[in-house]
Asks: 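There's a structure below that I have some questions on.
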Protein chains: 2
Amino acid sequence: MVLSNRTTLFCGIDDPAKMIEKLGCREESFQKDSIIVHKGDIIRSFAMVLDGSASVLRYDIEGNGNLVSVIDEGEIFAEAFGVEGSPSPVTIVARENATVLWFPLDKVLEERTLVCNLLIVSAERNLFLTKRLEHLSKRSLRDKVLSFLEEMREKNGSDEFDIELDRQEMADYLASDRSALSLVLSKLRKEGMLDFRKNHFVLKFTPKA
Amino acid sequence: MVLSNRTTLFCGIDDPAKMIEKLGCREESFQKDSIIVHKGDIIRSFAMVLDGSASVLRYDIEGNGNLVSVIDEGEIFAEAFGVEGSPSPVTIVARENATVLWFPLDKVLEERTLVCNLLIVSAERNLFLTKRLEHLSKRSLRDKVLSFLEEMREKNGSDEFDIELDRQEMADYLASDRSALSLVLSKLRKEGMLDFRKNHFVLKFTPKA
DNA sequence: AGTACCATGTTGCAAGTACAACATATTCTC
DNA sequence: GAGAATATGTTGTACTTGCAACATGGTACT
């Protein structure tokens with residue numbers, strides 16, 4: 001992967017490669033399914049995926065690993081608990097053969113531009129999490145769906161838009177069942193609240209706020 | 001309220017008052033129920049509550065204001081969308097007569113220690129949001145409850161602990177109904193999974209992970 | 001066009017949940 | 001301790017959801 005100063009992290013940094021050198025970052029390769037971060041690890045660094053991708057997993061009480069998120073090439077991870085200095089609440093594994101670049105936080109914190117960029121990344125993630133929480137805190141799937149679609153409308157600035165998620169992903173995002181989601185969507189359509197076809201949606205209700 | 005360098009934001013800063021002066025922060029007072037931040041506002045700053053407290057509200061499609069969180073004295077707010085430069089997704093109102101201190105971000109970003117501290121605050125909030133999301137993404141209330149209690153166990157390092165929330169707050173936190181929560185708790189007790197009395201809980205199940 | 005494959009929609013059913021209303025228990029105040 | 005106020009537990013009902021199984025529709029490939 002080519003490092004570019006167009007990514008949020010390197011924004012405003014002339015020569016990312018030089019900066020990486022200066023920070024003493026180290027590259028590490030992982031085989032598919034090997035563990036990058038164990039739950040409970042305390043790491044005083046954060047990382048960027050240079051090649052491949054990684055899965056963030058959380059193990060529930062029954063020992064099942066649940067997928068929390070996927071980290072693709074160029075994205076960074078572990079910055080939250082890295083910065084905070086607390087043990088990792090998640091396990092991170094390589095989805096395929098992958099290479100990651102570790103940034104030592106003590107050095108990073110001395111680079112004003114990098115810290116600012118990291119702060120922006122953190123703030124972005126924060127907003128994203130808040131929005132999802134907003135949807136999930138609705139009591140019914142119907143309200144979750146409406147809340148989600150309302151966000152999409154705001155994001156696109158139009159009553160008509162496409163969404164990136166397929167039904168299964170949308171159901172997962174809203175923490176529900178795919179067929180239950182289909183049911184709710186069909187019902188909303190019958191009621192004339194909206195129309196849709198695959199990932200194309202047209203909203204016919206208006207927010208009263 | 002007395003500003004102290006024991007708060008996260010001022011950690012490592014000898015003289016917070018002097019720093020505030022240097023940054024050109026301004027104090028602003030709000031009457032109870034007056035709006036501190038309107039939804040949609042773009043603010044290039046963040047704020048700390050000096051006196052009183054504030055509510056973070058989100059208005060849903062039907063125009064109902066839902067309480068997202070409460071900001072108490074000494075806590076900061078608006079740092080996420082302030083830093084990110086995006087319009088506020090929430091409305092923030094004074095719960096009582098309140099005074100807040102605005103920090104201009106352009107100045108703050110020049111202060112290395114402050115930026116690092118802000119990054120830590122953001123990371124902490126991030127972890128908090130992630131945990132709540134973790135609970136809310138469970139499909140059933142039963143699993144949400146178990147997930148929540150598991151977090152409490154980890155946090156307290158013991159099978160026996162008190163929680164800060166009463167039933168109504170716990171139900172809200174888990175995005176469910178109070179009586180439904182009571183029902184689930186009673187059922188879990190009958191099954192011998194746990195025991196409780198008001199906010200005191202004793203877990204009798206073990207995580208298999 | 002034919003086939004296979006995948007995404008989406010639909011149905012039936014069992015179980016869980018929201019909501020309301022009431023019962024009991026606890027705490028607070030006097 | 002009495003009574004009020006608040007918190008928690010319980011019950012009943014209508015509805016929603018999860019789940020499984022199947023139907024339909026679209027897409028890709030040959």
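Order of the sequence lines fixes the chain letters, A, B, ..., with proteins taken first and strands second; residue numbering starts at 1 for each chain.
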Asks: Can you tell me how far C1' of C:dC6 sits from CG of A:N199, to the nearest Å?
Replies: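 That distance rounds to 14 Å.
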Asks: Rounding to a whole Å, what distance do you find between A:M170:CE and C:dA7:P?
Replies: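 Atom CE in A:M170 sits about 16 Å away from atom P in C:dA7.
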Asks: Would you mind checking if B:K39 and A:E154 are paired as a salt bridge, meaning a charged N to carboxylate O distance below 4.0 Å?
Replies: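 Yes, A:E154 and B:K39 are salt-bridged.
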Asks: Looking at D:dT16, D:dG18, C:dG16, which one has an atom nearest to any side-chain atom of A:A180?
Replies: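 Selected nucleotide: D:dG18.
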Asks: Any side-chain donor paired with an acceptor under 3.5 Å for B:D177 and B:S179?
Replies: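 A donor-acceptor contact under 3.5 Å links the two side chains.
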Asks: Just compare D:dA7, D:dG18, D:dT10 and give me whichever is closest to any side-chain atom of A:L141.
Replies: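 In terms of side-chain proximity for A:L141, the closest of D:dA7, D:dG18, D:dT10 is D:dG18.
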Asks: Give the rounded distance in Å between these two atoms: CG of B:D166 and P of C:dC28.
Replies: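 In whole Å, C:dC28 P and B:D166 CG are 13 Å from each other.
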Asks: Hey, which of these two, A:R197 or A:A175, hits DNA chain D nearer its 5' end, going by closest nucleotide?
Replies: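 By nearest-heavy-atom nucleotide position, the 5'-most residue is A:A175.
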Asks: Once the angle between the rings of B:F161 and B:F201 is folded into 0 to 90°, is it parallel (under 30°), tilted (30 to 60°) or perpendicular (over 60°)?
Replies: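 Ring orientation of B:F161 relative to B:F201: parallel.
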Asks: Which nucleotide in the set D:dG9, D:dG18, C:dT10 lies at the smallest distance from any side-chain heavy atom of A:S179?
Replies: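 Of the options given, the side chain of A:S179 lies nearest C:dT10.
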Asks: Rounded to the nearest angstrom, tell me the gap between atom CG in B:L165 and atom C1' in D:dT8.
Replies: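 Rounded to the whole Å, the gap is 15 Å.
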Asks: I need the NZ-P distance between B:K198 and C:dT24, as an integer number of Å.
Replies: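 Rounded to the whole Å, the gap is 18 Å.
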Asks: Within the structure shown, what part of the strands sits under 4.0 Å from B:S176 by heavy-atom distance: base, sugar-phosphate, or nothing?
Replies: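 Here B:S176 touches the backbone only, sparing every base.
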Asks: Find the distance A:K138:NZ to C:dC19:P and express it as a whole number of Å.
Replies: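 After rounding, the reported distance stands at 12 Å.
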Asks: Using whole Å, what does the distance between atom C1' of nucleotide D:dT16 and atom NZ of A:K144 come to?
Replies: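 Going from NZ in A:K144 over to C1' in D:dT16 covers 11 Å.
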Asks: Angle class for the B:Y173/B:H135 ring planes (parallel below 30°, perpendicular above 60°, tilted otherwise)?
Replies: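 Tilted: the ring planes of B:Y173 and B:H135 meet at 30° to 60°.
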Asks: Could you work out which one of C:dC19, C:dT27, D:dG9 sits closest to the side chain of B:F196?
Replies: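 Nearest to the side-chain atoms of B:F196, counting from C-beta on, is D:dG9.
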Asks: Look at the side chain of A:S186 and decide which nucleotide, out of C:dT10, D:dT8, D:dC19, has an atom nearest to it.
Replies: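 Per side-chain heavy atoms of A:S186, the pick is C:dT10.
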Asks: Taking atom C1' of D:dA23 as reference, at what distance in whole Å does atom CG of A:L183 sit?
Replies: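 Between C1' of D:dA23 and CG of A:L183: 15 Å.
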Asks: Using a heavy-atom cut-off of under 4.0 Å over every strand shown, decide if A:S182 touches base, sugar-phosphate, or nothing.
Replies: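 It contacts base atoms.
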Asks: With a 3.5 Å cut-off and heavy atoms only, can you find an N or O donor on one side and an acceptor on the other between the side chain of A:R178 and the base of C:dG9?
Replies: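 Check passes, donor-acceptor contact within cut-off.
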Asks: Considering only side-chain heavy atoms of A:D177, which listed nucleotide, D:dT16, D:dG18, C:dA18, is closest?
Replies: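 Among D:dT16, D:dG18, C:dA18, the one nearest the side chain of A:D177 is D:dG18.
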Asks: Side chains of A:E27 and A:T99: is there a donor and an acceptor less than 3.5 Å apart?
Replies: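 Not at all, the side chains of A:E27 and A:T99 share no donor-acceptor pair under 3.5 Å.
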Asks: Name the nucleic acid region contacted by B:R142, choosing base, sugar-phosphate or nothing; use a 4.0 angstrom heavy-atom cut-off, strictly under.
Replies: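 The residue B:R142 makes sugar-phosphate contact but no base contact.
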Asks: If you check the B:V184 side chain, which of C:dT17, C:dG9, D:dT17 turns out closest?
Replies: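 Within the option list, the nearest is C:dT17.
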